[in-house]
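Shown next, in structure tokens, is the structure this report addresses.
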Amino acid sequence: MEGCRAAGWLFLHGFGLTEDAPRADDLYTKACKGKNTRACMEFAVEFYHWHDWPIKATEALVEAVQHKLACDHGEKQGCLALALDFLRHPEELDAYYKDTVGKTAQKTAEDACAASHIAACSTLMDVAQRSGDKPRAEALATKLLAMCRAGEMGACGRVLRYPWSDRTPAERKSLTKDLGLKLCKFSEAECRAGRGACSLAIGCVGEDSFDPQGPGAVAEFTYRACAVSRDFKRCEELADMFERGKGVPRDPEEASFFDMAACQHGRDLACRRTLGRVRKQGSGPEVDRKIFEVTKIGCRVDKRDVGWLMNCERLAEMYETGTGTQKDVEKAVEIFTAVCPHREESCDELRRLKRPVPPDADGP
């Protein structure tokens, strides 16, 4: 089952192969049902974004379902995550877990916090703040602050946002600066060591932040976030930096490279910019072929987003007319049929082609 989980992760992130969310979905499901608890925990984070649940489930419920699977398989981390889910979203999970998880969630979190579990202490602090229990919230914030100062960087970000209403403005300012700089230095070191935290480092070194270092440092950490952490939103930003020469020498070829990488991994703006570059090359069969290939990458029905769906419609039109590819009307119909439940325009195309409209297509 570990092989299924690992393969699911590869398909999800597109490492060495084409990104394929449905395939990743199948592999993660198989691994999780096969009692691979790590797969259940990873799946909990991603599952909601792959499904158009007919019951319109909330993200909180979907995560809780996966955490319960991990818990049922004997994974203590899953049981704790489920308890924290309930404490964070009682109004959404009450109907499902009030008589089970709800009865023990508080104690589970208290025990974990006593053992210095950062997420448990943070959740209990949030609960205390919501209920107006100021002394309890302050005590938990103080515990997290001590953990932060002891080197537990995960606690720093949480207490950095705590209001500390009992302290003077000068004390709050000093504490914020101290914790912010501490967290920034840690994230910068982690990013440079290839252990993540690059997105936080980017925010740290920009203007008006805790550790401003100029455009060059922003570009460095953006590159590391893209190339090392494979954060393709950052690849998209890096492409823009190379296009404009901000923090790096202006280099249209590098901009094109990073935009294509981001496009291949689900970044709509990068796909649009890549198409714009291809169209500037002129016209003719070779340009049409390139436009077809990029449009094909940009067709993501699973994204349920108008930008991706419109790419699918353009792709269907290219199949129908044989522009940039071999003419294939049936393939065009297949794509219009997939998009139709989400966009009335595709339903209209099916009617134009005198093909059946899916029964679940209600229009926008």
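Here the structure is a predicted model, which means the values were calculated and not measured.
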State whether D26 and K30 are salt-bridged, where the test is any N-O pair (Lys NZ or Arg NE/NH1/NH2 against Asp/Glu carboxylate O) under 4.0 Å. no
Treat each ILVMFWY residue as a node, draw an edge where side-chain heavy atoms are under 4.5 Å apart, and state whether V65 and L80 are in one component. no
Geometric class of the F242/F258 ring pair [parallel <30°, tilted 30-60°, perpendicular >60°]: parallel
Looking just at side-chain N and O atoms, do E313 and S346 make a donor-acceptor pair shorter than 3.5 Å? yes
Derivation of the salt bridge (Lys or Arg N to Asp or Glu O under 4.0 Å) call for K327 and E320: CA-CA 6 Å; K327 185 173 181 177; E320 184 187 353; over 6 Å; no
Tell me, do I291 and M318 make a side-chain contact under 4.5 Å, heavy atoms counted? yes
Are L181 and L175 grouped together when hydrophobic residues (ILVMFWY) are joined by side-chain heavy atoms under 4.5 angstrom apart? no
Between S199 and R234, is any side-chain donor less than 3.5 angstrom from a side-chain acceptor? yes
If only atom types and distance count, is the side chain of S209 paired as donor or acceptor with the main-chain N or O of G203 below 3.5 Å? yes
pair V248-Y223: side-chain heavy atoms closer than 4.5 Å: no
Using 4.0 Å as the upper bound for N to carboxylate O, is an ion pair formed by E110 and R136? yes
Rounded to the nearest 0.5 Å, how far apart are CE of M241 and CG of D251? 14.5 Å
Interatomic distance, F336 atom CZ to L315 atom CG [nearest 0.5 angstrom]: 9.0 Å
Any side-chain heavy-atom pair of F221 and R192 under 4.5 Å: yes
Check whether L124 and M147 end up in the same hydrophobic cluster, where Ile, Leu, Val, Met, Phe, Trp and Tyr are linked by side-chain heavy atoms less than 4.5 Å apart. yes
If you measure from CG on D231 to CG on L238, what distance do you get to the nearest 0.5 Å? 11.0 Å
Do R343 and M310 have side chains that get closer than 4.5 Å, going by heavy atoms? yes
Look at the side-chain heavy atoms of Ile, Leu, Val, Met, Phe, Trp and Tyr, link any pair under 4.5 Å apart, and say whether L69 and L82 land in one connected group. no
If the plane angle is over 60° it's perpendicular, under 30° parallel, otherwise tilted; pick one for F232 and H265. parallel
Where the side chain of N311 meets the backbone of G298, is there a donor-acceptor pair that is under 3.5 Å apart? yes
For E345, is the CD atom crowded, meaning more than 12 foreign heavy atoms sit under 6.0 Å from it? yes
Check disulfide (SG to SG under 2.5 Å) between C184 and all other residues, then give those that pass, not counting sequence neighbours. C204
Rounded to the nearest 0.5 Å, what separation is found between the CD atom of E171 and the OG1 atom of T176? 11.5 Å
How about CD on E91, more than 12 heavy atoms from neighbouring residues, nucleotides or ligands closer than 6.0 Å, or not? yes
Does L84 share a hydrophobic cluster with L61, counting links as ILVMFWY side-chain heavy atoms below 4.5 Å and allowing steps through other members? no
What do the steps show when you test K103 against D99 for salt bridge (Lys or Arg N to Asp or Glu O under 4.0 Å), and what is the final call? CA-CA 6 Å; K103 289 181 176 180; D99 296 330; 5.2 Å; no
A side-chain contact here means heavy atoms from C-beta on lying under 4.5 Å apart; do V205 and P212 qualify? no
Taking the side chain from H89 and the backbone from E92, do they hold a donor-acceptor pair closer than 3.5 Å? no
Worked verdict on E190 versus K185 for salt bridge (Lys or Arg N to Asp or Glu O under 4.0 Å): CA-CA 9 Å; E190 288 291 284; K185 290 299 185 185; over 6 Å; no
Can a side-chain donor-acceptor contact be found between D211 and Q213 if the only test is distance below 3.5 angstrom? yes
Scan for side-chain hydrogen bond (donor to acceptor under 3.5 Å, both in side chains) pairs involving residues 149-161, sequence neighbours excluded, and state none if there are none. D126-R158, Q129-R158
Between the side chains of K68 and D72, is the shortest nitrogen-to-carboxylate-oxygen separation below 4.0 Å, so that they form an ion pair? yes
Between D85 and A64 the two heavy atoms that sit nearest each other are OD2-CA, 3.5 Å
Could you check whether D166 pairs with K134 (Lys NZ or Arg NE/NH1/NH2 to Asp/Glu carboxylate O, under 4.0 Å)? yes
Close side-chain approach of R355 and T337, heavy atoms under 4.5 Å: no
Do R277 and S256 pair up side chain to side chain, a donor and an acceptor below 3.5 Å, judged on atom types alone? no
With the side chain counted from C-beta on, respond yes when L145 and W164 share a heavy-atom pair under 4.5 Å apart, and no when they do not. yes
Report yes or no: does S229 contribute a side-chain atom to a donor-acceptor pair with the main-chain N or O of C226 at less than 3.5 Å? no
Salt-bridge test for E293 and K296: reply yes if a basic N is under 4.0 Å from a carboxylate O, no otherwise. no
Pairing of D268 and R272 as salt bridge, 4.0 angstrom limit: yes
Side chain to side chain, C148 and L160, heavy atoms closer than 4.5 Å: no
Check the pair K233 / E236 against salt bridge (Lys or Arg N to Asp or Glu O under 4.0 Å), numbers first and verdict last. CA-CA 5 Å; K233 178 178 183 297; E236 192 175 66; over 6 Å; no
How far does NZ of K246 sit from OG1 of T222, to the nearest 0.5 angstrom? 9.5 Å
For the student: nearest non-hydrogen atoms of C271 and I297, plus distance: SG-CG2, 4.5 Å
Which value, rounded to the nearest 0.5 Å, describes the distance between T323 atom OG1 and F292 atom CZ? 10.0 Å
For R167, is there an ion pair with E138 - N to carboxylate O distance below 4.0 angstrom? no
